[in-house]
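Note sheet for the following structure.
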Amino acid sequence: MKQKLKSLLLQAVERLQSEGVLDNNLTPQINIERSRDSSHGDYATNLALILAKPAKSNPRQLAEKIIALLPDDASVSKVVIAGPGFINFFIQGDSQSQVVRQIHDAGNQFGLSQIGAGSKVQVEFVSANPTGPLHVGHGRGAAYGSAVADLLSAVGFEVSKEYYVNDAGRQMDILATSIWLRYLEECGEVIVFPCNGYRGEYIRDIAFNIHKKTGNEYRRPGELLLEDIPADESHGGDKEKHIDALVDRAKTLLGSSLYHDLFQAGLSVILDDIKEDLEEFGVSYQEWFSERQLIEDGSIQEALKRLDEGGFLYEKEGATWFASSQLGDDKDRVVVRENGQSTYFASDIAYHMNKLDRGFDQIINIWGSDHHGYIPRVRAAMTALGADDSKLKVKLVQFAILYRGKEKLPMSTRSGEFVTLRQLRSEVGTDAARFFYVMRKSEQHMNFDLKLARSKTNENPVYYVQYAHARVCSVMRQLDEKGWERDLVVGMENLDLLVEEHETALLTSLSKYPETLERAALQYEPHLLIQYLRDLATHFHTYYNAHQFLVDDVALRNARLNLIGATKQILFNGLNLLKINTPESM
RNA sequence: GCGCUUGUAGCUCAGCUGGAUAGAGCAUCGGCCUUCUAAGCCGAGGGUCGCAGGUUCGACUCCUGCCAAGCGUACCA
C-alpha cells in the first residue's frame, strides 16, 4: 500500500515539475507513514511540508496542487489536507479487509519476508563463562539474543546463533581448583576454602559426583596444599596471589594429565547444564565455539602475525602491545603478557578473525553493558585485520535488577548467592520469563519483579495476550456446540460487512504485522513485536466486548469469524516466533 | 577526569528514525457478568518528557552545556 501511494505521489511531483512549479532536479524523499490517529485517515505524508521551502510556496497550497495532480486509484477513497499541510489518505474499506484473506492464505507464513535476501548473519549471545549455572542476568541476554536471531530469520536472513565458550584462562583454573578442593573435603581431607574460590552449592555437587565415580583417584594429602603458599585475604594476605598459587599447586600435585581430566569433567558438567537450561528456555545454538580451540590450533598466533604484518604490534616492558589507539581506542592493549601468556583480548581478536573468515555479512555481538568499554578495541582489531568494521554490530544489554515485590535480590556469582535462570523459570514459568525480558528495550535498565511475573492475575501482561488467543479458540468451540459450521468462503465473500469501528481498528492492526516484524528485526528490537501483540490483543478484547460474533446472520457471522480467525493466526505467529506458548484455553 | 548507557504519570515502561491533542499496564476512583471465558471491557483523575539554551514550518526525538543514576576506564575473563 505504501509503495502504491508513493508511486502516485511521485507521478504528481513529476507533473508539478513539468509545470515548472517545482525544480526539475529536485528528487524528494517521499515519506509515507501510518496515521497515528484514525481520524487522520490510514496513511499520511509530509511531502508538502518538505517541498514547501524549495517551491517557495506555503505547504497547504502546495498540498492542494499535489492532490489535484494525483492520479485516481480505486483503493484510495479520500485524500485530504490537514494541519500544517499533511496529506492524509483514506483507504477503501474493502481493500483494507483483504488482509483477512491474505492471513488465511499464508497461515503460519504470514508476515515472513525475504528482505534479508539470504544475507549471512551471525548472532553471538550469552557466552557466559562456564563456571556455574546461568543466572537471571544471562537470562535477559538469552531471551533478547534468541529473539533477535529468530526475527532476523523470519525476515529472510540466514542466521547462525553462536555461544562463545570461555573454556580457557584463569577463571576456569579457579573453577577446576574449587572443584578439587570440595572433592578433597568429600574424601575427608581438611582444607581451608579460598576466599576467591567458587563457593556455590553446585561445586559441591560436581565434586560429590566425581568422588562417587572415581573414588580417591584425585586425592592428595590436605597438608600439602598450603605449604609455602601466600596467605589468603582472610589471613591478611592477597586473595589473588593466594588463589593463583593454589591453582599451581593443584596442577603440580595432580600432574597435568589428571588435572586436565578434572578440569574437563567440571567443564562438561557445567556446560551440559547450561545447554539444557537454554534449551528449556527455548534457546538453541548452531555453534558452541571453544576458546581453547583457538589457542590449540594456532589461531591466536596467526591473528597476532597478521596484526604484526600490518605494523600494529610492538614490544614494551616485556609485553606485546596492540596499537589500538591508532584506530579509535583510548589506549593500546596488551596481547601477550610479560610471562608469555596471551591475554583474553588476544583470544578475542583471533575469534573475530575467525568470524570474518567464515564469511558472515553481519556479525552481531550481544554483550552485557559492562563490556561497553571493550567495543572500540574489538573494532580496532577488525580494522587492523583489514576488515570492514561496520560488519560488526554490538548490542548491549543492561542488567536486570531483580525484585521480589519491594525486596531487591543479590546477584554475585562468586559468592554463590544469586538467582539462577532455572529458579526464575520455575518460579514464573518460561513464557512469562521470556515475555518480561523481551518486553523492554535492551538498553533500558530493567527492574524484573518476580512477584509480578508470577502473578496469575490481571497484573500480568503475558496472560493478556495469551488470553486473547484462548478466547478466539473458545469462540470456535462455542460455534461447534451451537451446531453451526464455519463457512470460510461465505466469510471471505462478506468481508465488506466488517464496517464497525472496532472491526476496522482490528483490521488495521492486523495489516501492521508484517511491517512490525520487519522493523523489529532490522532494528534488533524485539520489544516492538511484544508491544504490537499487546496492542493487537487490546483491539481484540475491545471488539469482543462490544460485539457478538456468533450472530444469526450467516454472512456477518462468518465474516466476523474470519476476522477473529485471522487475529488468532497473527497472535500465534507472533508468540510462536518469540517461543511463547499459545494456549487454546485458559 | 574521560567514555558508554539511562532519565517520560505515584510505580514499571512504550513513543514507529523530526510530525498533528505525549501513550499503555499497575496503583487510585466510578461503572459492566441470566447473552461467545470478567486472566476481559468502559469511564475519571494523574505530565514543566531531568534542567537550560540552540537548530526549523514543527523537538520527547537532532546539537551544545549542565544535573542525576548505572557501568566502564587491568599484563582479569
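Chain A is the first sequence line, chain B the second, and so forth, proteins listed ahead of strands; every chain is numbered from 1. Bear in mind that the values here come from a model prediction, so they are computed numbers and not experimental data.
Residue contacts shown for A:Ala546 are absent, as no nucleic acid heavy atom lies under 4.0 Å away. Within 4.0 Å (heavy atoms only), A:Ser585 reaches at least one base atom of the nucleic acid. Nucleic acid contact class of A:His547 (heavy atoms, under 4.0 Å, all strands): base. Nucleic acid contact class of A:Tyr374 (heavy atoms, under 4.0 Å, all strands): base. Within the 4.0 angstrom heavy-atom criterion, no nucleotide atom of any strand lies near A:Asp173. In this structure, A:Arg34 reaches neither bases nor backbone, as no heavy-atom distance under 4.0 Å exists between it and the strands shown.
Side-chain contact of A:Glu500 with A:Tyr543: a donor-acceptor pair under 3.5 Å is absent, judged by distance alone. Using modelled atom types and a 3.5 Å distance limit, the side chains of A:Thr567 and A:Arg471 yield no donor-acceptor pair. Judged purely by distance below 3.5 Å, without hydrogens or angles, the side chains of A:Asn196 and A:Glu240 pair a donor atom with an acceptor atom. Side-chain N/O atoms of A:Ser127 and A:Glu124 include a donor and acceptor closer than 3.5 Å. Checked by atom type, the side-chain pair A:Asn365/A:Lys355 shows a donor-acceptor distance below 3.5 Å.
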Could you list, one pair per line, each protein nitrogen or oxygen that sits under 3.5 Å from a nitrogen or oxygen of nucleotides 55-59 of chain B, together with the distance?
unit_1, atom_1, unit_2, atom_2, d
B:C57, OP1, A:Lys53, NZ, 3.3

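In this structure, A:Ile243 places its CD1 atom 15 Å from P of B:A77, rounding to the nearest Å. Following rounding to the nearest Å, A:Asn558 (CG) and B:C36 (P) show an atom-to-atom distance of 19 Å. Per the geometry, CD belonging to A:Gln478 stands 5 Å off C1' belonging to B:C36, to the nearest Å. Between the C1' atom of B:A24 and the CD atom of A:Gln531 lies a distance of 7 Å, rounded to the nearest Å. Taking atom CG of A:Leu561 as the reference point, atom P of B:C36 lies 15 Å away to the nearest angstrom. For the pair A:Lys441 NZ and B:U6 C1', the computed distance is 9 Å after rounding to whole Å. Taking atom NE2 on A:His40 and atom C1' on B:A22, their separation rounds to 14 Å, with Å as the unit. For A:Tyr544 and B:U35, the OH to P distance is 11 Å, given to the nearest whole Å.
Checking B:A77, B:G25, B:C71 against the side-chain heavy atoms of A:Tyr344 singles out B:A77 as nearest. Listed nucleotides: B:A38, B:U17, B:G25. Nearest to the side chain of A:Glu33: B:U17. Considering only side-chain atoms of A:Gln548, the nucleotide from B:C75, B:C36, B:U12 that sits closest is B:C36. The nucleotide whose nearest atom lies closest to any side-chain atom of A:Asn129 is, among B:C36, B:A77, B:U12, B:A77. In this structure, of B:U5, B:G15, B:G25, it is B:U5 that holds the atom nearest to the side chain of A:His445. Distance from the side chain of A:Ser474 is smallest to B:C36 among B:C4, B:C36, B:G19. For A:Glu443, taking side-chain heavy atoms from C-beta onward, the closest of the listed nucleotides B:U6, B:C36, B:A39 is B:U6. Closest to the A:Arg440 side chain, of the nucleotides B:C16, B:C75, B:C13, is B:C13. Picking from B:C71, B:G25, B:C42 the nucleotide with the shortest atom distance to the side chain of A:Thr542 gives B:C42.
Base pairing of B:G23: its partner is B:C13, meeting the Watson-Crick or G-U wobble criterion (both donor-acceptor distances under 3.5 Å). Remark: B:G45 base-pairs with no nucleotide; criterion is Watson-Crick or G-U wobble with both hydrogen-bond distances under 3.5 Å.
B:G46 and B:A52 have their C1' atoms separated by 27 Å, given to the nearest Å. Of the C1' atoms belonging to B:G72 and B:C66, the separation is 22 Å, rounded to the nearest Å. Taking atom C1' on both B:A68 and B:U21, the two are 31 Å apart, rounded to the nearest angstrom. Distance check on atom P: B:A69 versus B:A74 gives 22 Å, rounded to whole Å. B:A9 and B:G15 have their C1' atoms separated by 14 Å, with the value rounded to a whole Å. Comparing B:C16 with B:C60, their P atoms are spaced 12 Å from each other, to the whole Å.
Take the nearest nucleotide of RNA chain B for A:Ala44 and for A:Asn545: the residue whose nucleotide is more 5' is A:Ala44. In terms of position along RNA chain B, the nucleotide closest to A:Leu528 lies nearer the 5' end than the nucleotide closest to the other residue of the pair A:His541 and A:Leu528.
Scanning all heavy atoms of the two residues, the minimum distance from A:His138 to A:Ala128 falls at NE2-CB, 3.4 Å.
A:Trp484 carries A:Arg557 over the face of its six-membered ring, with the cationic atom under 6.0 Å from the centre and within 45° of the normal.
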For A:Tyr544 and A:His502, what are the C-alpha separation, side-chain angles and deciding distance, and is it a ring pair (Phe, Tyr, Trp, His ring centres under 6.0 Å)? CA-CA 9 Å; A:Tyr544 181 97; A:His502 292 109; over 10 Å; no
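A close approach under 4.0 Å does not occur between any side-chain nitrogen or oxygen of A:Lys331 and OP1 or OP2 of B:G3. OP1 and OP2 of B:G70 both lie 4.0 Å or more from every side-chain N or O belonging to A:Gln444. Side-chain N/O atoms of A:Tyr43 include none lying less than 4.0 angstrom from OP1 or OP2 on B:C16. A sub-4.0 Å separation between OP1 or OP2 of B:U73 and a side-chain N or O of A:Arg377 is absent.
Using cut-offs of 30° and 60° for the angle between ring planes, the A:Tyr351 and A:Phe289 rings count as tilted.
The base of B:G19 lies close enough to the side chain of A:Asn46 for a donor and an acceptor atom to sit less than 3.5 Å apart. Side chain A:His371 to base B:G72: no donor-acceptor pair is found below 3.5 Å. Donor-acceptor pairing under 3.5 Å, judged by distance alone, is absent between the side chain of A:Asp348 and the base of B:A77.
No close placement of the A:Tyr524 and A:Tyr144 rings is indicated, their centers lying 6.0 Å or farther apart.
Taking a 6.0 Å sphere around NZ of A:Lys251, one finds it holds more than 12 heavy atoms contributed by other residues, nucleotides or ligands.
With a glycosidic angle more than 90° from 0, B:U48 adopts the anti conformation. B:C13 adopts an anti glycosidic conformation, its chi angle falling more than 90° from 0.
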